[in-house]
Colleague: 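Sharing a structure below in C-alpha cells format, with a few things to ask.
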There are 2 protein chains.
Amino acid sequence: MQAETLDRTFHALADPARRTMVGRLTLGPASVSELAAPLAMSLSAVVQHLAVLEEAGLVRSEKIGRVRTCRIEGARLRAAEDWLVRRRVEWERRLDRLGAFLDAEDGRQKKRRKR
Amino acid sequence: MQAETLDRTFHALADPARRTMVGRLTLGPASVSELAAPLAMSLSAVVQHLAVLEEAGLVRSEKIGRVRTCRIEGARLRAAEDWLVRRRVEWERRLDRLGAFLDAEDGRQKKRRKR
DNA sequence: CCTTCAGTTAAGTGACTACTTAAGTATTGG
DNA sequence: CCAATACTTAAGTAGTCACTTAACTGAAGG
C-alpha cells in the first residue's frame, strides 16, 4: 500500500496494450511473441511494455532457451483492487449516513405536519 | 468498459496527489483549497490535477460564488474496480483448475505406487 | 469602495512516454 | 553448420506530464 507501488501499478494499467497483456496472462503463462500477437506494434515495443509490467511487479518472467515465459503476479493487482475497494466502501458509508440523515429529517417533517 | 475510459481512469489514479484528492472526496465534498491543503504544491498545480480527475469522470464539481465544490463520481471508480476483479477471478479460476489437475495427478501417482 | 479571498489562465521547462528502426545475440531445427 | 527463430539493445523522436511563476477575474467582507 505504498504510494510509489500504487503509482507504478496504476501507471502500468493505464495503457491498453499492457492491459491486453495482463488479460492474456490471467489465462495462463505466455511467451513474449504470444503476448505480442494481438498487438499492432513492433516486438520491440512489446518488450518495452513488458518491462513496465515487470518493474511494477505485475508480471514475472523467466527465459528458458530462447523463449521468455511470462506469468502474472497477483499481489500488486490485488493491492490496486484493495485501494479501490477501500475508497468505495468509505464513499458508500458516507452515502448511507447521508441517506439515514435525510430519512430522519423527512420523518421529523412529517411529525411536524401532523401537529 | 471502453479502453479509453479505463486509460484515463488508471492514468488519473497513477498520481499520489490525485489519489489523495480522491481519498479526501470519499469522505465528502470539498472545495479546491481544501483539496490543496495537504498537498505540497501550488494551487495552480492542484487545479490541473483536478482537471485530470474531471476529464476522467472521477470527479464532478460546481462553482457557487467564488468556491468550487468537488465530489466524487462513483461509476468510473467502480468500472476500474470491476476490471481488476474480472482479471483476478479469471486468474484464480485458472489456479483452481491447475490445483485440481495437480491433485488428480498426485492421486494417480499414489494409485500407481500401490500396485 | 477596495482589499482579501478563491480560483483561473497562460506560458514555459525539464523529465518521461510510447513508439520507431536498425543492428545485435543466443538457440535450435533441419 | 547455418538459417530461421526469439528475443535484446541502442538510439532517436514526437508528444505528453507535472509542475512552476505570473498575471488576471470575479465574489465577499469590512
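A, B, ... follow the sequence lines: proteins, then strands. Residue 1 opens every chain.
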Colleague: Quick one: which of Leu25(B), Leu77(B), Ile72(B) gives a side chain to side chain contact (heavy atoms under 4.5 Å, CB included) with Trp91(A)?
Modeller: Ile72(B)
Colleague: Can you check the Glu62(B) CD to dA6(C) P distance for me, whole Å?
Modeller: 18 Å
Colleague: Sequence neighbours left out, what passes salt bridge (charged side-chain N to carboxylate O under 4.0 Å, His left out) with Glu90(B)? Give chain and number order.
Modeller: Arg93(B)
Colleague: What's the CD1-P distance between Ile64(A) and dT28(C), to the nearest Å?
Modeller: 10 Å
Colleague: Can you find a pair of side-chain heavy atoms, one from Arg8(B) and one from Arg76(B), that are under 4.5 Å apart?
Modeller: no
Colleague: Would you kindly give the CD-to-C1' distance between Glu55(B) and dT16(D), to the nearest whole Å?
Modeller: 13 Å
Colleague: Are side-chain N/O atoms of Arg87(A) and Thr26(B) paired as donor and acceptor at under 3.5 Å?
Modeller: no
Colleague: Is a donor-acceptor contact shorter than 3.5 angstrom present between the side chain of Arg66(B) and the base of dC5(C)?
Modeller: yes
Colleague: Walk along nucleotides 16-21 of chain C from 5' to 3' and tag each nucleotide B, S or - by protein heavy-atom contact under 4.0 Å, base first, then sugar-phosphate.
Modeller: --SBBB
Colleague: In chain order, what residues pass the side-chain contact (heavy atoms from CB on, under 4.5 Å) check against Arg24(B), with sequence neighbours excluded?
Modeller: Leu27(B), Ala30(B), Glu34(B), Leu35(B)
Colleague: Roughly how many Å is it from NZ in Lys63(B) to P in dA27(D), rounded to a whole number?
Modeller: 8 Å
Colleague: Between the main-chain N or O of Leu13(A) and the side-chain N or O of Arg19(A), is there a donor-acceptor pair closer than 3.5 Å?
Modeller: yes
Colleague: Between atom CD in Glu34(A) and atom P in dC7(D), what is the gap in whole Å?
Modeller: 8 Å
